[in-house]
Amino acid sequence: MAGKIVVLTGAGLSAESGLGTFRDEDGLWAQHRIEDVATPQGFARDPGLVHDFYNSRRQQASGAQPNAAHAALARLQQDWPADVVIVTQNVDGLHEKAGARAIHMHGRLDGALCHACGARWPAPARMAPQDPCPDCRSPATRPDVVWFGEMPYHMDEIALHLQACTLFAAIGTSGQVYPAAGFVQEAAYAGAETVELNLNATDISAAFDHHLIGPATRIVPAWVDRLLAAAG
Ligand SMILES: [Zn+2]
């Protein structure tokens, strides 16, 4: 019987769409230190630098196209006879561009957040430290992304989905970033089957029942085809 599926996606899914990650040795991230551009302390020290970094990432993401793996997950969400919940660590909008809905646990590049009052609104192409909040007018706007050292979004909702799923898949995520690394344990504890789809084996591979190794654009569409064929 087809039950609820929870899919966690990470940077490996968008890598083949040309979006780099902080682990890459070239590209945008390589020009900066993580503590300067992706922590609350870095933002407090130099908000202009951080806004510029995210302005560049926003521009890069807005020009990126979803790949075959994003498309396959959108198909799974549409055609699977039960719920398919996509939880993503990615701040790009590629799941949505592919026609899927996703829970963004690390926020989104196309969102802005007011540090002073908590208001949220669509981010303009370029953000700057002196931008006023549309609600409270404070010059306290920031990208609506979760930085290192901050609590990811929607954790209560995600926990409920994990407790109710019969299959959990982690795709293109190293699993090193907690609390996402705990998702496989939560799903397994709830009795779900667990599968890891990744370019390489990872530190938490032993926690999964099954492993599919290879580029996301090859292994994800094949995995989705098998699931949908089995569901009839
Ligand atoms: Zn505000």
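For reference, positions follow the sequence shown, starting with 1. As the structure lists them, so they are numbered: ligands from 1, and atoms in each ligand from 1.
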Evaluation steps, side chain to side chain donor-acceptor pair (under 3.5 Å), between H51 and Q130: CA-CA 11 Å; H51 273 304; Q130 65 274 18; over 6 Å; no

Any H95 side-chain heavy atom under 4.5 Å of H70 side chain: yes

Residue and atom names of protein N/O/S atoms that fall under 2.8 Å from the Zn ion (ligand 1): C114 SG, C117 SG, C133 SG, C136 SG

Crowding at CD, E150 (>12 non-hydrogen neighbours, <6.0 Å): yes

Q185 (side chain) donor-acceptor with A207 (main chain) under 3.5 angstrom: no

Over 12 foreign heavy atoms within 6.0 Å of CD, Q78: no

Under 4.5 Å side-chain linkage, directly or through intermediates, the cluster mates of L113: V146, Y153

